[in-house]
Structure formats: structure tokens, C-alpha cells
Number of protein chains: 2
Amino acid sequence: MNVWGKRDDMVVHEREPFNAEPPRIALAGLPETPVDTFYGRNHGPVPDIDAAAWRLRVDGLVERVLELSLDDLRARFHAAEVVATLECAGNRRAGLTEVRDIPGEAAWGAGAIATARWSGVRLADVLAAAGPAQQARHIAFAAPDVSRLADPPQPYGGSIPVGKALGPEVLLAWSMNGRPLPRVHGGPVRVVVPGWIGARSVKWLTGITAQDQPSGNYFQATAYRVLPADADPSKAGPGEGISLGPLALNCAVLSPEDGACLPSGPTEITGYALAGDDRTVARVDVSLDGGGSWVQAELDEAPGPWVWQHWRTRLTLGPGAVEVTARAWDCTAAAMPESPAQLWNPKGYANNSWDRVRLTCR
Amino acid sequence: MNVWGKRDDMVVHEREPFNAEPPRIALAGLPETPVDTFYGRNHGPVPDIDAAAWRLRVDGLVERVLELSLDDLRARFHAAEVVATLECAGNRRAGLTEVRDIPGEAAWGAGAIATARWSGVRLADVLAAAGPAQQARHIAFAAPDVSRLADPPQPYGGSIPVGKALGPEVLLAWSMNGRPLPRVHGGPVRVVVPGWIGARSVKWLTGITAQDQPSGNYFQATAYRVLPADADPSKAGPGEGISLGPLALNCAVLSPEDGACLPSGPTEITGYALAGDDRTVARVDVSLDGGGSWVQAELDEAPGPWVWQHWRTRLTLGPGAVEVTARAWDCTAAAMPESPAQLWNPKGYANNSWDRVRLTCR
């Protein structure tokens, strides 16, 4: 067992803060991801919070400031459950670092994504109890994990627009896959914002503030933004670049594993695809000739609107070096772009270029 | 004056059915498009409907079948207005036909898009008066224009999911830019479905049916679908391919005009961008070296959620042959893909690859 109860073959990008993803193959064929295989993405030390002493404060542009214990949440609100895929905005950054170095950011593979069954209460119900004012446009989340990566160092935070916050899919979750939410995944209580970048699903939640502006927290105002390729991120001020929120269309090959040596012949190729927020995946294509020709993969039905879809196809590989390329299309017929070079950005977010794995077939 | 009151320099792809678009330059710098410049896209002869005799029937999975005259619509429902961009799913098909021929489909340039101020009543209000049943999942529209392009020949039709149909932005419109809706644009009454392909904004509306399935009309079940590149469209049956609905992210250069000869030196480059349905445009880039490097354009604020955004930048051109390339990014940081070859599909829909205009600078 690795640190934080993760599987032994986890790829640990950093021990402190803890940043780790499973190998691709560990995600293959599993609609829901075991907790020991679920990626960890942190910006500071993992807090140790006593669930009995934990309190959530709801304030800002509300009629009534609330201070809620875990028992209060359970007693005062209806239980809610959602199966949701979380994806880090840095998922597949490795494809961008192959183009050009991205100093200070982990070269995540395709495993900074995973799906769990989350249980708790609806954020909308808790907000309704506080009575948000008309002027409330954004719902900000506060947490106690102080990040030294932020400038200046500060606790982690972020916000989502009130329209998203009131969606029935947005939870304050204390359970993951039927077990109490593990400390490393934000226990006792975290936000789960399905369809949005993982950075908005704030862990170790202690505060909710209704406000008229997006969060001024470093991780909303300065980080998690796509800057133009020629920008200097150390000089980018708050508000610059594209502020990430809803997830972009993406897909990846999960099996065979990148770099695998395997026998030539008919081989099942599988992977995941997701379209982000209010879009759906319409098609996944696989190519063995770098995009010269494509085969349409068989796409599993989505078990719910907030969940990745697995796909599969059987192709005859090798012998020799084989590159498998995958791309997805969404319901608007928008397709993933070809080249990571064209998406390269100084902090390395949102790489949704074609996914490629390189194999050797005996 | 050209046919149907259109400007003289309209590019007429077909006279019957009438299919025409303005040159790019005619759309430049205008947030709203004059009616004489608004593209026309038809599948059959333009009907001649007496507004006084016109009736709209609302039926299917509803509590009350309605039969409404234009006076009924005006008297029984609140007036509603929306400024909305309509875009044909075939806009920019010319970029695909450059890759490979697309028989039987017009090679639209970048002008099969336009913006108008539409007035009428909300579809949601009319549906509420009919009382849609729980099982109603789709709202289908019927029109009297019989198309010989359909197999078998049939009146034009289509549907949208009930969730979209209930949006306050979806209108039954009898006015365009403050004047009665011209016959060629669907008068006396058409549907306007902002954020969706123009094909769903059914003209000469005579019937609305609440049903549990999408429309079985040829133009929904068989046409307006993105088939795989190797499919034979003459053999594709109903339900195959990606059924188009919400618009994909797109942008184009409007000025200078494609093919223009102009003096070298600092030149203003302008164009439009739109993200479709529930997305927003986050950035537009312009390149003079085919995507080797990009300059970020200045993006106008959107006057409303359903409207294209114009953009501009000033670059020094020439002398000699110059290619101007433009691409847009949406709020998920998804970017328009580079190559039309990778988007080529047998009916030539949804080309949202980088837009290019070729200039000669003296």
C-alpha cells in the first residue's frame, strides 16, 4: 500500500503536497473508480479535521448566516447522491510538456480523472436555508489547506456561478463509493461540482460565501487560467487568461497501457471520453495511422449525465511499433483538436488534443 | 435588388430552392444584420401564406389541442423579443469541399450566419397553454414547404428536446428587425431557436406536436447528421451519425474580404465568433503565419447570450501573398481544430476548423 492508502503502482508526482495518479490501465473498464485508484491533486498539506468538531459557515449575501455541524447537515437536509467524474484541469499535461517544458507543474498523464459515487446533501438546499440575496452571483468555497504555491501563500479556495451552484448535481459530500469520505479526498466534507474542473470541487470545506464577484482566491483569480502561449505566468495578474470552469471535451486510451509490449494480432482497445457539463459525447474514433483513417469505437451508454463513458474497439495491431490515436466528438459535432502544440499554454491546462499511446507489438 | 429583396452582391448558390449568402464583408462590423443581407437557406419553394388565414395547430402529448390565429397569438400571450444569431449547419462548407467534393450540397462560405432582432411570443408560453404531458420529451415543428430533396419528398420539419423548447429564448416570431417577418424568412410565423443550428428554426410554422421521440422528418432523422468520413450518405438510414442540435464553436474573418487585393501596411482585421447554446467565446486568435504564432484579437462584449461577438485586431500585412488565419476558444478552453480534412464528412456539416482568407498586398 502506497501513501494515503493508494495502490502500489500509483504514479506519485509529488509526496508533499500529495499529487498522484494511477497508470491508465488501472482505470480501464471500470465505470466507477476504487478509492485506492482515484487520483489525488493537492496544493498544500492534507488537513486533519475532527469530524465531530467540524463546522461549516455559510455567509456573505445571505439572509441568515448558518453554522452547521455534520449532524446538522444530516438532520436538516435531504440526502442526495450523484455519480460524477472529476477531472483535473492538468489532466494529460504530459502531452503539452512534450511540446515545451512547463516548469513547476506536474506532467500528469491521462489518469488525473476518476469517477465515484458521492453522497451528502445538495448545495442548493443549504443555500436555500441561508436565503441568498438577489445580488449573489457567485458561491465561493473556503478551505483550511494553506498553499505555499499561491502568491501570497493562502488557504485554497474558489467559486462557481450561482446558476451552477443551484444545480441539483452539486453536492456537499461526506461519502465516496459508500464509505466516509477519506481525509485525502477532502473528508469530512467536500464540494463536488460535476462537469467542472476538479479545482472547483473544494476539499475540506469550511466556508461558503455568497458574493457578487468570482472568488479572489489565487486558485481562481490567477491559477487555473489558460494564458496565451507567449505570456509569462509569473507576471500574469489576477483576471488574465481564460478562467477554467466547465470541462472541455476529452478522451484517452486506457488499454493497452502506453509503452506496452504485446503480441501482434486482434487487440481490444478501450478508453474513456467525457464532454463536460451540459454536453454529451457523440462519437469516439480510433486511428492506427496517426489520423489518416479512423474506426468508430463502440461507446457505452452513459450511466448518468455527469459520468465519463467508456469505449472499446478491436483492431489488429503490429507487428512492430504501433501508435494508437483516439479522438472524441461532442453533440455539437465539435471534435478534439489534433495538435498539443496548438494548445500549449504556460501553465499547461486543458490539453484535449488527440490522445496517443505508443506500443510495441511482437 | 436581387431576388427576394436581397442585396445585389448576394452569392446565390441556388435560385430554387433559394439559397444565398452575402459576401463576408457585408457582415463586417454589424452587430445586427440588415434583412437584405441575411442569408437564405431553403429546402423547397417558399410558400405564400395569407397571414389572416394562417393557423397554428398545437397537438400531440398535450392536455388541450390548440388552433391559434396570429391575432390569438398576439392577444393571448405576452410579447417577447430576442436578439439571436442563426447559423446554418452548412456554414463554411466550402472549407470542406476544398478537401473533397460534396455532391449535392452548396459550398457555403462564411456568410450562412446572421443576427436579427426577433419578436413574437415564447414557445414555452404557447406550450403551457396546451399543457404538455409528462411523457412529452420533444417538441416537433411542421411546415408546408415540400422538399424534393427529402427521401421520400415531404414537408420540412424537425424537433428540439422539451428542455430547450421551454427556454425563454425560444420564440414563435412574426417580426424581424422591427418589421413583419418577410415571406422568404418564414413569414407569417417561424420558430427561432437561438444557439442551435438554423435547421431547427423552422420557417412557415403551421404545427407544433409534443411527442416522446425526436421528429421522424427526413431533415431531422436522416439529414443534418455528421456521418463518418467513409459512410455513403445515400445509404445512411434514419438515426445514423451525430444528430446536430446545439451549434459548435466557430469564427470567421469578415474583413478584409477573402481574395482581396489591398495596400500593404497596418490593416484592421475583423470577424465574428460564437460558441453555441450555453457556451461563451473566451478568446479569438489571429495568425499571419498559418498558426505558427498568434495575436489575440480584441473581442466585443456580447450584447446578449444568443448573439455572435465581433472581434478586431490591427496587423501589418504584406507586401505579397498573405494568408490570415483565425481561431476561437470557448469558456472551457476548447479551441477550434486546425484542419478541415479532419472534420470532412459526407454531407459537409459543422466545419469549425480554423478560418483562412487569402489576400494580395501591393
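Bear in mind the structure is a predicted one, so any value in this text is a computation, not a measurement.
- Looking at A/S243, only its backbone comes within 4.5 Å of chain B, counting heavy atoms on both sides.
- For B/R225, no part lies under 4.5 angstrom from a heavy atom of chain A.
- When all heavy atoms of B/L244 and A/T332 are compared, the closest pair comes out as CD2-O, 3.9 Å.
- For B/W329, the part lying under 4.5 angstrom from a heavy atom of chain A is the side chain only.
- Heavy atoms closer than 4.5 Å to chain A are found nowhere in B/S293, neither backbone nor side chain.
- Of all heavy-atom pairs between A/P337 and B/A335, the closest is CG-O, 4.3 Å.
- Ranked by non-hydrogen atom pairs under 4.5 Å with chain B, the options A/G245, A/P228, A/A333 are led by A/P228.
- The most heavy-atom pairs under 4.5 Å with chain B, out of A/E338, A/R327, A/Q296, A/R279, come from A/R279.
- Of the two parts of B/L247, only the backbone, made up of N, CA, C and O, holds a non-hydrogen atom closer than 4.5 Å to a non-hydrogen atom of chain A.
- Among the candidates B/D277, B/I197, B/N345, B/D278, the residue making the largest number of heavy-atom pairs closer than 4.5 Å to chain A is B/D278.
- The two residues B/I242 and A/R283 make their nearest non-hydrogen contact at CD1-CB, 4.1 Å.
- When all heavy atoms of B/C331 and A/P246 are compared, the closest pair comes out as O-CD, 4.3 Å.
- B/Q342 and A/W294 share a side-chain donor-acceptor pair at under 3.5 Å.
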